[in-house]
Amino acid sequence: MSVFLQTEPFDPGALLTAFSVGRSETGAVVSFTGLARAEAGATTTLELDAYPGFTDAEIGRIAQAAAERFGLDDLLIVHRTGPIAPGEAIVFVATAAAHRRAAFEACDHLMDYLKSRAPFWKKERGPAGERWIEPTAADLADASRWDTKETS
Amino acid sequence: MSVFLQTEPFDPGALLTAFSVGRSETGAVVSFTGLARAEAGATTTLELDAYPGFTDAEIGRIAQAAAERFGLDDLLIVHRTGPIAPGEAIVFVATAAAHRRAAFEACDHLMDYLKSRAPFWKKERGPAGERWIEPTAADLADASRWDTKETS
Amino acid sequence: MARVLLFGRLADAAGWRERIIEAASLSALRAALGDLVEGPGIQAAVDKAIVRGDMALTAASEVAFLPPMSGG
Amino acid sequence: MARVLLFGRLADAAGWRERIIEAASLSALRAALGDLVEGPGIQAAVDKAIVRGDMALTAASEVAFLPPMSGG
């Protein structure tokens with residue numbers, strides 16, 4: 001299980017290749033890649049602020065809990081911080097499990113967490129200026145789907 | 001939208017890289033990679049039988065319907081046929097959408113379809129002999145999750 | 001008469017994958033093949049389209065018998 | 001006294017990201033910062049752990065104010 005925060009761009013495919021090789025008992029690998037959208041020219045740069053030592057520890061704690069809850073063979077989270085151009089990957093999550101349901105649910109769950117509860121702060125810059133993005137009502141509802149299940 | 005059947009092995013990461021580049025309005029790319037499991041030595045080869053001209057047409061039809069239903073920007077399905085060794089990729093599905101919910105659901109849906117209803121026949125070979133694999137009750141239940149939603 | 005294709009375990013059970021068989025209709029072909037193509041979940045496709053009832057066959061017909069499918 | 005860190009829109013609003021501020025407790029620090037760190041969803045972390053109530057601070061304390069989070 002690995003969690004990386006990095007300012008450098010990354011290639012999701014290279015991460016998926018490295019994550020998938022040499023697995024003989026993993027039946028399912030699910031990946032999510034979050035890309036920065038240009039919003040038809042409205043966004044020229046995305047900037048992600050993180051709190052080193054806190055952000056990575058929080059993500060690691062959630063990742064560990066997800067690995068146990070969904071019975072994962074392995075998982076990988078790579079998250080950019082700093083300025084990100086449209087079309088570049090912001091986040092990559094890969095989950096490996098014996099069967100596909102666990103891999104899908106764990107990846108979906110981790111993304112819901114990362115989108116609404118992980119300690120990042122996101123600013124969009126464009127021709128019209130800049131604004132901080134906060135989780136949408138849909139993001140919060142998505143994340144809360146997993147709360148009721150946590151005790152079951 | 002592309003659907004490929006092929007007997008040659010493929011690298012899921014190379015497919016994901018090619019699928020993800022140059023997208024400035026896609027926010028979410030989800031991929032599923034199905035790997036052949038060794039089952040602790042019980043399986044030495046998997047063999048997939050397909051019906052050329054029928055199997056690809058059926059998958060294309062479902063892929064087109066999924067692209068419309070989930071509002072996808074794009075999707076890619078690559079499926080192996082013939083003999084497959086443990087650890088090798090059997091199937092790769094990638095979905096691209098503006099937002100993650102659609103990308104996750106479309107990929108999940110396509111895999112449920114491919115696992116239980118797509119025209120493939122799968123044989124496991126191992127030290128104990130060979131046997132044909134048919135969809136499990138869980139596979140059929142997974143696929144039927146989407147049926148009731150199709151009219152909504 | 002039709003070109004008959006068997007897939008998956010049906011080909012193993014028959015010992016062949018493709019054969020020309022004399023039959024004027026799908027029901028006549030099913031009767032000729034007997035138990036081989038009977039059983040839960042076995043479907044027939046004529047010219048690559050699933051057929052649930054009966055259907056006339058010509059020399060150009062391609063009939064495939066498909067056991068329950070299992071992709072991925 | 002504590003090392004105070006601001007993140008996201010709080011740093012933009014304040015015009016600084018990090019500053020040493022004299023305060024014997026988290027509540028005293030909140031009072032010193034006023035409106036800047038008030039508002040729905042703003043959390044405080046002391047030494048990288050979220051603190052909901054009050055807490056004494058020392059010169060070695062690191063206090064971070066975190067607006068609503070938005071990853072991915």
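Reminder, nothing fancy here: chain letters follow the sequence lines and each chain counts from 1.
Under a 3.5 Å cut-off, the side chain of B:R37 and the backbone N or O of A:A98 do form a donor-acceptor pair. Formation of a donor-acceptor pair under 3.5 Å by the B:R80 side chain with backbone atoms of B:P83 is found in this model. Not a single donor-acceptor pair under 3.5 Å links the side chain of A:R125 to the backbone N or O of A:E47.
Residue contact with chain B, scored on non-hydrogen atoms closer than 4.5 Å, involves the backbone of A:A36 exclusively.
Once rounded to the nearest 0.5 Å, the distance linking CD of B:E58 with CZ of B:R117 reads 11.5 Å. Put simply, CG on B:D49 and NZ on B:K122 are 13.0 Å apart, with the number rounded to the nearest 0.5 Å. Rounded to the nearest 0.5 Å, atoms CG (A:L15) and CZ (A:F92) are 5.0 Å apart. Distance check: A:I90 CD1 to A:L48 CG gives 6.5 Å after rounding to the nearest 0.5 Å.
Note: B:C107 leads B:C107, B:A96, B:G22 in heavy-atom pairs under 4.5 Å with chain A. Heavy-atom pairs under 4.5 Å with chain A peak, among B:V93, B:V21, B:T95, B:D112, at B:D112. With chain A as the partner, the residue from B:S24, B:G87, B:S31, B:A28 showing the most heavy-atom pairs under 4.5 Å is B:S31.
Considering only heavy atoms from C-beta on, B:T55 stays 4.5 Å or farther from B:T81 through its side chain.
Chain B is approached within less than 4.5 Å, heavy atom to heavy atom, by A:D11, A:P12 from residues 4-12 of chain A, ordered by number.
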